[in-house]
Protein chains: 2
Amino acid sequence: MESVSAQLEEFETSCRSLGLKVTHQRVEVFRELLMAIDHPAADKLHQRLREKLPMISLDTVYRTLTTLAKYGLINRVETPESLARFEVAQIRHHHLICRSCGEIKDFVCPIIDGVALPDELQTWGKIDNKNMVVYGVCRKCLKKKQH
Amino acid sequence: MESVSAQLEEFETSCRSLGLKVTHQRVEVFRELLMAIDHPAADKLHQRLREKLPMISLDTVYRTLTTLAKYGLINRVETPESLARFEVAQIRHHHLICRSCGEIKDFVCPIIDGVALPDELQTWGKIDNKNMVVYGVCRKCLKKKQH
DNA sequence: CTTGATGCAAATAGTTTGCAGGCTC
DNA sequence: GAGCCTGCAAACTATTTGCATCAAG
């Protein structure tokens, strides 16, 4: 596991080699996402960022997230609420999503990673990512429902 | 593989047992989705439906899709464009999504279906669905890019 | 200095909701 | 006939975009 500062340094290097300017806002967006464990949506991230950067605008957050996702520095996670959520692109993992509260949890599963996809997919085009998404209702929500 | 009329009949039976009224609009929305192979979004479905039901409103399509998905009669498919798309809940399958044109293709993979998920997921809550989502760029889009 | 990034405000796009009338059960 | 469903219009929410200014390389 890399340290936060090492990851930030790597981020800046990546930006430079991609021709993206290393702005204060971009670094902070990335740092905030690096610290987050809850796959925040743009709006939530914006709220958190304003503590450090009171002037940062929501559309800059959107633009930054879109740009970073486009270059693969972060991942966009699809959710059932059609509300985009984000995470720093880390080790290969999959997602567990609660239909009730929307919580997204990561899990690793080397077996799934190792499964060979059907041959027909090879002729379809160029595959660059596979992700297992597991839906259900988390324990907290199951308890709430009993009332 | 069931015939279309058999599936429609089953749909009506399901609605009744769920306490949902079998309206003309609902049946047509379901039928249209049954015939579709492209996982249409609400808007596209609405366009198609207007050929048969010129008066059907877009919000009825939305309401119907939401209701049917809630009861598991159809599935909502998440996409990278945060635009909800739908399909009739058929046999267990997975999705292949083109990042460029948004095409969604189904594929079956018994091996993936059979993989036991890590134990930690059992304690998380109640799991009701697992789906592999494979992202890439389809051949048609790869060709376009070469120009 | 040049070009891309930001902040502001306004525009979009997808989706949801309140209400009155209509249709299923 | 009772209550859910529909159509219409308006509201909302998430996200995008045009433009002038500003800052990184």
Side-chain angles (χ1 to χ4, degrees), chain A residues 8-9 11-32 39-50 52-71 73-74 76-86 102 104, chain B residues 8-9 11-30 32 39-50 52-71 73-74 76-86 102:
Chain A
L8 278 170
E9 217 167 288
F11 169 71
E12 298 193 12
T13 309
S14 305
C15 281
R16 291 211 173 80
S17 64
L18 288 165
L20 296 174
K21 288 185 176 166
V22 178
T23 64
H24 197 180
Q25 290 90 331
R26 278 189 182 153
V27 174
E28 290 308 321
V29 167
F30 188 82
R31 187 207 306 278
E32 199 62 48
H39 308 75
D43 189 56
K44 183 159 277 181
L45 209 47
H46 180 231
Q47 284 171 30
R48 292 181 193 164
L49 284 162
R50 282 206 293 189
K52 263 199 173 176
L53 269 66
M55 294 302 293
I56 194 171
S57 68
L58 178 58
D59 48 278
T60 293
V61 175
Y62 270 111
R63 259 188 282 232
T64 305
L65 292 171
T66 304
T67 305
L68 300 187
K70 179 175 157 195
Y71 288 102
L73 298 171
I74 63 174
R76 177 187 287 262
V77 184
E78 318 321 328
T79 71
E81 303 109 338
S82 29
L83 202 175
R85 290 170 61 168
F86 300 83
I104 300 178
Chain B
L8 279 170
E9 216 167 289
F11 169 70
E12 297 193 11
T13 309
S14 304
C15 280
R16 289 209 175 81
S17 66
L18 286 165
L20 296 174
K21 289 186 176 164
V22 178
T23 64
H24 196 181
Q25 290 90 332
R26 278 187 182 157
V27 174
E28 291 307 321
V29 167
F30 188 82
E32 200 62 47
H39 309 73
D43 189 55
K44 182 159 276 183
L45 209 47
H46 180 230
Q47 285 170 30
R48 294 180 192 166
L49 283 162
R50 281 205 295 189
K52 262 198 175 176
L53 269 66
M55 293 301 294
I56 194 169
S57 69
L58 178 58
D59 47 280
T60 293
V61 175
Y62 270 111
R63 258 188 283 231
T64 305
L65 291 171
T66 305
T67 306
L68 300 187
K70 179 175 158 194
Y71 288 101
L73 298 170
I74 63 174
R76 176 187 287 261
V77 184
E78 316 325 326
T79 72
E81 303 109 337
S82 28
L83 202 175
R85 291 171 61 169
F86 300 83

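This one's a predicted model, so the numbers in the text were calculated from it and none came from an experiment. Per chain, numbering begins at 1; letters A, B, ... match sequence-line order. Below, each value reflects all heavy atoms present in this structure, side chains not excepted, and no hydrogens, waters or symmetry copies.
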Rounded distance in Å - CG (A/Leu53) to C1' (C/dA5): 14 Å
Give B/Ser57 one of three labels, base, sugar-phosphate or nothing, depending on what nucleic acid heavy atoms sit under 4.0 Å from its own. base
State whether B/Gln25 places a side-chain N or O below 4.0 Å from either non-bridging phosphate oxygen (OP1 or OP2) of C/dC23. no
Integer-rounded Å distance: D/dT13 P and A/Lys44 NZ: 16 Å
Side chains of A/Leu18 and A/Leu73: does their closest heavy-atom pair fall under 4.5 Å? yes
5′-ward residue of the pair B/Thr60/B/Lys21 relative to DNA chain D: B/Lys21
Any side-chain heavy-atom pair from A/Glu78 and B/Ser82 closer than 4.5 angstrom? no
To the nearest angstrom, how far is A/Leu65 atom CG from C/dA5 atom C1'? 15 Å
Hey, which of these two, B/Arg26 or A/Thr66, hits DNA chain D nearer its 5' end, going by closest nucleotide? B/Arg26
Quick one: does A/Thr66's side chain get under 4.5 Å of A/Arg76's, heavy atoms only? yes
Assign B/Arg63 to base, sugar-phosphate, or nothing according to its heavy-atom contacts below 4.0 angstrom with the strands shown. base
Just how far, in rounded Å, is P of D/dG7 from CD of B/Glu28? 12 Å
For B/Glu9, look at atom CD and say whether over 12 heavy atoms of other residues, nucleotides or ligands are found less than 6.0 Å away. no
May I ask you to evaluate whether A/Thr23 reaches the phosphate of C/dT6, defined as a side-chain N or O under 4.0 Å from OP1 or OP2? yes
Of the candidates D/dT15, C/dC8, C/dT6, the side chain of A/Ala84 sits closest to D/dT15
Between B/Arg16 and B/Arg76, whichever has its closest DNA chain C nucleotide further toward 5' is B/Arg76
How many Å lie between CG on B/Asp43 and P on C/dT12, as a whole number? 16 Å
Nearest to the side chain of A/Tyr62, which nucleotide is it out of C/dT6, D/dC5, D/dT16? D/dT16
Length of the NE2-P vector between A/His24 and D/dA24, whole Å: 10 Å
d(CZ, B/Arg50; P, D/dC8) in whole Å: 10 Å
Without swapping roles, check the side chain of B/His46 against the backbone of B/Ile56 for a donor-acceptor pair under 3.5 Å. yes
Which nucleotide sits closest to the side chain of A/Asp59: D/dT16, D/dG7, D/dT15? D/dT16
In whole Å, what is the span from the CG atom of A/Leu20 to the P atom of C/dT3? 17 Å
